[in-house]
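The structure under discussion appears below in the form of structure tokens.
One-based numbering along the sequence shown. All of these numbers come straight from a predicted model, not from anything done at the bench.
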Amino acid sequence: MLRTRIPKSNLAKTMAAHISGISSKCSIASCKDQSFRLGFDSLSSNRSTSLSFSSQLNTNLSIKSLETKRSGKSSKICSAVITESNSEQMELDTTLSPRVNSVKPSKTVAITDQATALVEAGVPVIRLAAGEPDFDTPSVIAEAGINAIREGYTRYTPNAGTLELRTAICKKLKDENDISYTPDQIVVSNGAKQSILQAILAVCSPGDEVMIPAPFWVSYPEMARLADATPVILPASISENFLLDPKLLEAKLTEKSRLLILCSPSNPTGSVYPKKLLEEIAQVVAKHPRLLVLSDEIYEHIIYSPAVHTSFAALHGMWERTLTVNGFSKAFAMTGWRLGYIAGPKHFVAACNKIQSQSTSGASSISQKAAVAALGMGYAGGEAVSHMVKAFRERRDFLVKAFGELDGVKISEPQGAFYLFLDFSYYYGNEVDGFGLIKDSESLCRYLLDKGQVALVPGDAFGDDTCIRISYAASLSTLQAAFERIKKAVLALKKPL
């Protein structure tokens with residue numbers, strides 16, 4: 001038996017079609033031991049809303065299952081109940097925050113995920129997109145994490161990190177970077193990426209400008225947008241080794257300029273800022289009372305002599321306005337442990353700590369124990385890190401020599417990190433049968449993935465569309481195979497006129 005209860009309103013007429021659509025299905029036989037789902041077309045021509053009876057507390061139409069007993073047997077009866085509403089149909093508001101809509105997804109993450117999916121599907125793609133060391137975490141670090149678990153060190157830590165780790169970080173910064181901090185000027189986070197985001201959120205107001213030299217790490221501009229700040233891109237060319245010109249910085253600074261982001265050694269270029277150039281930049285910064293500097297030093301230990309790392313906060317007059325970010329992912333091969341930190345004047349760092357207290361809270365207790373062990377391995381990570389850096393240098397040297405033999409490819413030899421940022425614009429303009437036009441870095445990377453089965457990152461993700469990024473955080477044999485595939489795919493292209 002179907003029971004329909006309709007209040008005295010014009011709603012009955014407007015909903016008649018919906019009732020008739022379900023009436024034939026809501027019999028005892030069809031209701032018995034079944035769950036129901038009702039799909040409504042929305043008023044929009046290109047969207048629809050799927051409604052489930054189990055969650056329709058506030059909609060115009062709901063379906064209830066009623067149980068009755070007859071002759072000792074139970075049966076289920078559907079009841080369609082119409083309630084009064086001011087509208088014929090309600091559609092869920094699925095709009096997103098304008099702030100989120102302004103943010104672009106990370107191309108490095110997207111390409112890495114795509115390459116991983118291809119490999120899992122059986123396609124032999126060589127993945128050189130992600131910035132992740134191919135080495136295992138050094139055993140002394142791993143053992144410290146394992147022991148933390150075994151010893152029950154698995155509970156919440158203080159929001160800013162354990163005193164033990166923050167004290168060790170202070171010692172490291174003093175001994176290796178010539179910067180003095182106290183533990184209350186350090187906040188440990190779930191990776192350096194979180195440290196950077198919290199710093200930008202802490203110091204930037206809506207409308208402030210964040211000065212970002214290009215090529216840049218893909219997340220810097222998007223983090224600025226999340227803070228309702230405006231990213232101002234300061235381009236640097238391959239002929240300048242992708243290093244910021246202090247004169248350009250000075251010309252672009254305004255009263256709205258709040259934060260300058262520097263990354264040395266650089267992702268994506270591997271460029272290292274010489275101390276003299278940093279001092280020239282510091283002289284420009286000193287003229288602007290509102291301007292702070294975020295110094296991203298996550299690659300500081302992956303550096304190739306004669307290049308030398310200089311911390312910006314160690315320069316004269318820069319400690320008070322510098323936020324230094326570092327971590328354990330790159331040098332110590334601890335990407336999955338998710339641990340980074342920020343050091344700076346207490347006023348700014350306390351603001352970062354407050355943001356973290358209302359988002360993730362403290363970082364993993366296990367990872368923090370492992371990090372203490374990492375900082376105890378010796379100056380600049382000791383022999384274990386030195387071994388990894390030696391391997392990275394050997395790989396860099398191979399790739400620089402190999403790509404240097406390809407027509408039209410321009411190279412700025414990286415002095416640190418594990419990336420090669422190559423100018424491949426010589427090959428733009430090629431029309432490829434079965435593929436299409438290679439017009440920019442993105443189409444070139446799609447071509448190399450399609451024809452060469454090598455995953456790289458287009459330079460436009462980093463603010464320079466003439467280049468592509470290759471991560472050489474892979475074995476030498478893998479890099480040799482990848483180069484041969486790239487070479488074959490590139491040689492198949494016609495020489496531009």
Side-chain angles (χ1 to χ4, degrees), residues 106 108-109 112 116 127 129-151 153-154 157 160-162 164-173 175-177 186-198 217 219 263 265 267 270 296-303 309 324-343 356 360-392 395 416-419 471-475:
S106 169
T108 53
V109 172
T112 300
T116 299
R127 293 169 284 182
E132 181 173 34
D134 57 311
F135 298 99
D136 290 334
T137 301
S139 59
V140 64
I141 301 174
E143 284 300 321
I146 293 169
N147 289 337
I149 297 172
R150 287 174 174 163
E151 294 169 6
Y153 197 77
T154 56
T157 71
T162 64
E164 178 186 29
L165 177 55
R166 286 181 287 133
T167 300
I169 290 171
C170 289
K171 183 177 187 304
K172 171 258 184 294
L173 291 172
D175 294 347
E176 297 180 3
N177 305 86
I186 308 290
V187 171
V188 177
S189 300
N190 299 279
K193 178 178 277 190
Q194 182 180 5
S195 299
I196 295 169
L197 175 60
Q198 290 177 170
W217 180 46
S219 294
C263 181
N267 173 10
D296 183 351
E297 303 180 9
I298 189 69
Y299 294 95
E300 68 159 326
H301 290 327
I302 306 175
I303 197 166
H309 174 70
T324 300
V325 172
N326 210 322
F328 300 86
S329 293
K330 311 301 183 180
F332 296 101
M334 293 177 66
T335 50
W337 297 78
R338 305 311 305 132
L339 207 66
Y341 59 87
I342 189 168
Q356 183 163 298
T360 64
S361 297
S364 163
S365 59
I366 300 159
S367 297
Q368 291 188 61
K369 277 292 187 182
V372 171
L375 294 178
M377 289 168 56
Y379 189 91
E383 184 178 348
V385 173
S386 177
H387 170 76
M388 288 188 274
V389 173
K390 182 180 179 181
F392 286 136
R395 300 166 185 180
F418 39 70
Y419 306 109
S471 169
Y472 50 89
S475 68

Taking every non-hydrogen atom, the tightest pair across [X] and [Y]:
X: Ile186; Y: Leu173; result: CD1-CD1, 4.1 Å
X: Met334; Y: Ala371; result: CE-N, 4.4 Å
X: Ala374; Y: Ile141; result: CB-CD1, 3.5 Å
X: Gly270; Y: Ala417; result: CA-CB, 4.3 Å
X: Asp175; Y: Tyr379; result: O-CE1, 3.8 Å
X: Val389; Y: Ile303; result: CG1-O, 3.7 Å

(message) Tyr472: which residues meet the ring-ring contact (aromatic ring centres under 6.0 Å, His included) condition with it, sequence neighbours left out?
(response)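 Applying ring-ring contact (aromatic ring centres under 6.0 Å, His included) to Tyr472 gives none.
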(request) For residues 130-141, pull every pair meeting side-chain hydrogen bond (donor to acceptor under 3.5 Å, both in side chains), keeping only residues two or more places apart or in separate chains. (result)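 Applying side-chain hydrogen bond (donor to acceptor under 3.5 Å, both in side chains) to every pair that reaches into residues 130-141, excluding sequence neighbours, yields Glu132-Thr335, Asp134-Arg395, Thr137-Trp337.
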For [X], check side-chain contact (heavy atoms from CB on, under 4.5 Å) against everything at least two apart and list the hits.
X: Ala168; result: Leu375
X: Arg127; result: Ala115, Thr116, Val119, Val125
X: Thr360; result: Asn190, Gln194, Gln356

Side chains of [X] and [Y]: does their closest heavy-atom pair fall under 4.5 Å?
X: Lys330; Y: Phe418; result: yes
X: Val188; Y: Ile169; result: yes
X: Leu339; Y: Leu165; result: yes
X: Asn326; Y: Tyr341; result: yes
X: Asn177; Y: His309; result: yes

(request) Determine, step by step, whether Glu176 and His301 satisfy the side-chain hydrogen bond (donor to acceptor under 3.5 Å, both in side chains) criterion, reporting the C-alpha distance in whole Å, the side-chain angles of both residues, the deciding distance to 0.1 Å, and the verdict. (result) CA-CA 10 Å; Glu176 297 180 3; His301 290 327; 3.2 Å; yes
(message) To the closest 0.5 Å, what do you measure between CD1 (Ile149) and OG1 (Thr154)?
(response)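 Here the rounded value is 8.5 Å.
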(message) Within this structure, what is the CZ-OG distance for the pair Arg338 and Ser364, rounded to the nearest 0.5 Å?
(response)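 Reported value, rounded in 0.5 Å steps: 11.5 Å.
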(message) For Glu297, is there an ion pair with Lys172 - N to carboxylate O distance below 4.0 angstrom?
(response)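 Salt bridge absent between Lys172 and Glu297.
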(request) Measure from the ring center of Tyr419 to the ring center of Tyr299 and say whether it is less than 6.0 Å. (result)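 Between Tyr299 and Tyr419, which both carry aromatic rings, the centre distance is below 6.0 Å.
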(request) Output every pair passing salt bridge (charged side-chain N to carboxylate O under 4.0 Å, His left out) with a member in residues 366-377, not counting sequence neighbours, ordered by first then second residue. (result)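 Residue pairs passing salt bridge (charged side-chain N to carboxylate O under 4.0 Å, His left out), neighbours aside: Glu164-Lys369.
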